[in-house]
Structures are given as C-alpha cells and as structure tokens.
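Accompanying notes for the structure given below.
Every number for a ligand or one of its atoms is a count from 1 in the order of the listing. In this chain, residues are counted from 1 in sequence order.
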Amino acid sequence: MINFNPYGTIEDTVARLRELVGSKVVLVAVSGGVDSATIATMLLRAKIQTRCIFIDTGFMRTNESREAIALLKRNNIDAQLISAQERFYPALSHVSNPIEKRLVFRKTYFQIIETYLRNDHITLLAQGSQSKSDILKRNYHNVCDNEYINSNITKIEPLVGLSKPEIRNMAKTLNLTDELAERPPFPGPGLLIRFGGEYTPQKLDIIRDATEIVETFSRENSAEFVECFQIFPYLCSESMVTFINQKSQTDLGSIILIRAVMLKDGSYKPFILSAPLFQKLTDALMQINGIARVCLDMTPKNGTIDKARHGATIEYE
Ligand code: XMP
C-alpha cells in the first residue's frame with residue numbers, strides 16, 4: 001500500500017465510470033462486504049443510475065441478509081433483496097466435490113443475475129473482483145465469462161489490481177462507516193464452502209451455529225484478535241469420530257476445524273490463537289449438538305514461508 005493515494009484512485013475511477021456508463025443503468029450485486037459497497041458508492045458518486053441487489057443464496061450466516069441490507073442502508077446504499085434459496089438448495093443438494101460445488105454455485109448465481117438483467121433491460125454489470133489470477137485459480141463465485149452471461153452484457157471491474165487494505169482505505173475515504181469498511185471478508189458462496197460434502201439442512205444448521213459462535217467470540221475478545229484478518233470454522237465431511245456426550249455415553253460426532261489467518265506485509269500467515277483463548281472457543285463450540293472435536297489449523301498459505309513449498313488456501317474448498 002506504499003504511496004497509495006485513495007483520493008486520486010477514487011477520482012480517476014469515478015471519472016472513468018462516468019465516461020464508460022454515461023446515462024445507462026448499472027447493476028451491482030452487493031454482499032454487504034467492502035468491495036461491492038465501494039463500487040456502489042463510487043457509481044453513486046458519479047451520479048450513475050445504479051441498481052443494487054442483494055442475493056440471499058440460502059448459505060448466509062445467521063440474520064445476515066437483514067443485517068447486511070441494514071448496514072448498506074446506513075451507508076446510503078439501497079439494496080433490493082432477492083430471495084434465491086429455492087434456486088440454490090436443489091441445485092446443490094447432490095453435489096459433493098468441492099470444485100463442482102463452486103461451479104454449480106457460480107452458474108446458479110449468474111442465472112439469477114442474467115434473468116434480472118434481461119427482465120430490466122440492463123446491459124452493464126459492475127463487480128468487485130480484485131486479483132485476476134487468484135480468483136481464476138479458485139473458481140470465485142463472481143468470475144464469469146460468456147458461458148454464464150450473454151455477450152451483450154458488459155462487465156465493469158474497477159477494483160482489479162487493488163489489495164484489500166487499499167480498498168478499505170478507499171471505502172473510508174468515501175465516508176463508508178468503519179463497520180462496513182473493516183468488515184471481515186466472507187466468500188460469495190458463503191457457508192456452502194464451509195462444510196464438507198453435499199448440502200444437507202443439518203450440516204448447514206451446524207456450520208451456521210458454529211460460525212455465529214466463532215464470530216461472536218472474536219468480537220467479544222476483540223483485543224486478542226487485532227491482528228486476525230479472518231477466522232472461521234469448517235465442518236469436516238461425513239467422517240464421524242467418537243466422543244463422550246453430555247450423558248457420559250460414547251457417541252459419534254463431527255470435527256470442526258478452525259482456520260484463522262493474518263495479513264502481514266502483503267501475505268497471509270496463520271494466526272495462532274493462544275492456548276487459553278482456543279480452549280474457551282473449543283468449549284463454546286462443543287455446546288453444539290453433534291460436534292465431537294475442535295481442531296486448530298496452522299497450515300501456512302501457499303508461498304507464505306517458502307515460495308517453492310506447497311501450502312493451503314485459506315478456504316477449505
Ligand atoms: P483462498 O481460499 O483462495 O481465499 O486462499 C482468499 C480470500 O478470498 C476469499 N474467497 C472468496 N471471496 N468469492 C469471494 O468473494 C469467492 O468465491 C471466494 N473464495 C475465497 C476467502 O474467504 C479469503 O478471504
């Protein structure tokens with residue numbers, strides 16, 4: 001972020017957007033995250049006719065749709081809620097391969113966007129994509145080509161090439177609240193990629209509860225998480241392990257992994273919770289029915305320690 005000038009970047013982007021869009025209407029699928037909110041705000045600042053939709057995929061966290069729409073509203077972004085659970089659940093209920101899960105999610109996501117664009121005769125779609133190479137490698141939910149949307153649609157991606165800290169800096173310069181500018185990242189496919197194997201309502205319930213516990217815990221212990229960029233639980237697939245349940249019987253249950261990372265000098269490193277902190281978090285998670293064990297993942301991300309060594313992505317899928 002050395003020498004990054006948020007004012008200049010915003011001014012240039014706003015001018016470019018004005019020139020590119022003119023009097024047309026632009027659609028932005030907002031998520032409540034900083035990237036899409038920054039784009040929507042720059043479009044509004046450019047006085048461009050901007051339509052914002054929030055797609056509820058069904059893989060959202062507890063109360064996420066309601067809270068994200070309210071947060072956007074507090075930041076002068078009006079988003080229309082599109083409830084699309086009934087599209088996503090059937091499409092994903094028999095898909096267990098992680099790559100396939102992402103592809104089916106992406107296809108469903110763009111089918112919804114395409115229908116919206118077609119019905120409202122909109123030809124411009126603005127997206128918050130950042131680093132092209134990374135998102136292509138990981139089948140990001142918002143990477144699309146003509147396989148997904150028809151060729152009359154023009155995609156606008158003003159944030160390509162910018163880092164997360166730079167976008168947060170722009171968001172603050174645009175007067176977005178800290179709550180929005182500093183919102184921890186959450187992947188577009190949401191809780192779908194936070195449990196192993198195919199979607200079932202039971203797995204979704206468990207990972208939703210676990211996510212709420214982890215996020216509440218990190219908020220309540222914020223002093224200990226200052227350096228943490230992202231922390232979340234992952235529910236391992238079918239494999240059951242033994243544990244002693246609350247009735248002191250031997251039982252079978254699932255494993256939760258905790259992934260926490262920090263962003264230092266432009267690269268991700270594992271964020272290691274202290275033992276007492278992790279014990280407290282484990283106790284809280286063990287209250288969820290069906291959870292047998294909680295494990296901490298300290299695997300470095302690819303290239304973090306030694307460029308030649310392989311490593312793990314942040315997300316599990
Ligand atoms: P990985 O797993 O690639 O994650 O090391 C890097 C960062 O990107 C987030 N992520 C996504 N964000 N759509 C998004 O908007 C996606 O499909 C997606 N997949 C991963 C991840 O949470 C982490 O912050």
Side-chain angles (χ1 to χ4, degrees), residues 28-40 54-57 59-61 64 68 88 92 95 97-110 112-113 125-145 148 155 157-168 171 180 182-196 207 211 214-215 218 225 227-234 257-264 266-271 297-305 307 309-317:
V28 192
V30 287
S31 63
V34 61
D35 304 343
S36 49
T38 300
I39 293 190
F54 179 99
I55 301 176
D56 183 341
T57 64
F59 294 104
M60 322 304 286
R61 292 164 288 182
E64 181 164 6
F88 283 93
L92 283 149
V95 188
N97 176 294
I99 297 170
E100 196 65 17
K101 277 164 82 174
R102 274 184 174 271
L103 293 176
V104 173
F105 183 93
R106 183 162 84 182
K107 192 166 185 178
T108 311
Y109 178 83
F110 277 109
I112 291 162
I113 291 195
L125 173 67
Q127 299 208 121
S129 338
Q130 288 170 247
S131 150
K132 274 267 194 255
S133 58
D134 231 38
I135 57 181
L136 285 174
K137 264 189 284 179
R138 294 305 313 283
N139 293 321
Y140 265 40
H141 76 290
N142 57 358
V143 174
C144 71
D145 49 32
Y148 294 106
K155 264 195 313 155
E157 297 174 298
L159 303 183
V160 166
L162 295 172
S163 68
K164 200 62 147 192
E166 288 168 344
I167 297 168
R168 293 200 200 288
L180 180 49
E182 293 294 345
R183 201 153 183 242
F186 188 65
L191 298 176
L192 171 69
I193 57 168
R194 298 278 172 86
F195 55 78
I207 195 61
T211 303
V214 170
E215 292 190 351
S218 67
F225 286 95
E227 290 215 288
C228 182
F229 176 76
Q230 195 173 5
I231 177 165
F232 60 86
Y234 176 81
L257 303 179
I258 296 293
R259 181 71 160 150
V261 292
M262 56 185 180
L263 187 53
K264 232 180 178 168
S267 60
Y268 295 107
K269 298 187 172 52
F271 175 84
D297 179 352
M298 301 199 277
T299 320
K301 189 164 162 138
N302 185 16
T304 304
I305 288 181
K307 289 254 182 271
R309 246 174 57 170
H310 70 271
T313 49
I314 295 178
E315 300 290 342
Y316 289 83
E317 304 202 349

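- For I314, a nitrogen or oxygen atom sits less than 3.5 Å from a nitrogen or oxygen atom of ligand 1, counting backbone and side chain alike.
- Remark: ligand 1 and F229 share no N or O pair separated by less than 3.5 Å (distance only, no angle test).
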* Run the salt bridge (Lys or Arg N to Asp or Glu O under 4.0 Å) check on R168 and E182 step by step: do they pass? -> CA-CA 7 Å; R168 293 200 200 288; E182 293 294 345; 3.8 Å; yes
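- Heavy-atom distances between R106 and ligand 1 stay at or above 4.0 Å for every pair.
- Between F195 and F59, the ring-plane angle classifies as tilted under the 30° and 60° cut-offs.
- The backbone N or O of L192 lies less than 3.5 Å from a partner atom in the side chain of K101, making a donor-acceptor pair.
- At a 4.0 Å heavy-atom cut-off, ligand 1 touches P189 through the side chain alone.
- For the residue pair D297 / Y316, a side-chain donor-acceptor distance below 3.5 Å is found, with atom types taken as modelled.
- In this structure, Q230 and E315 have side chains that are in contact, with non-hydrogen atoms separated by less than 4.5 Å.
- Heavy-atom proximity to atom 19 (N) of ligand 1, evaluated over R102, E315, H141, is greatest for R102.
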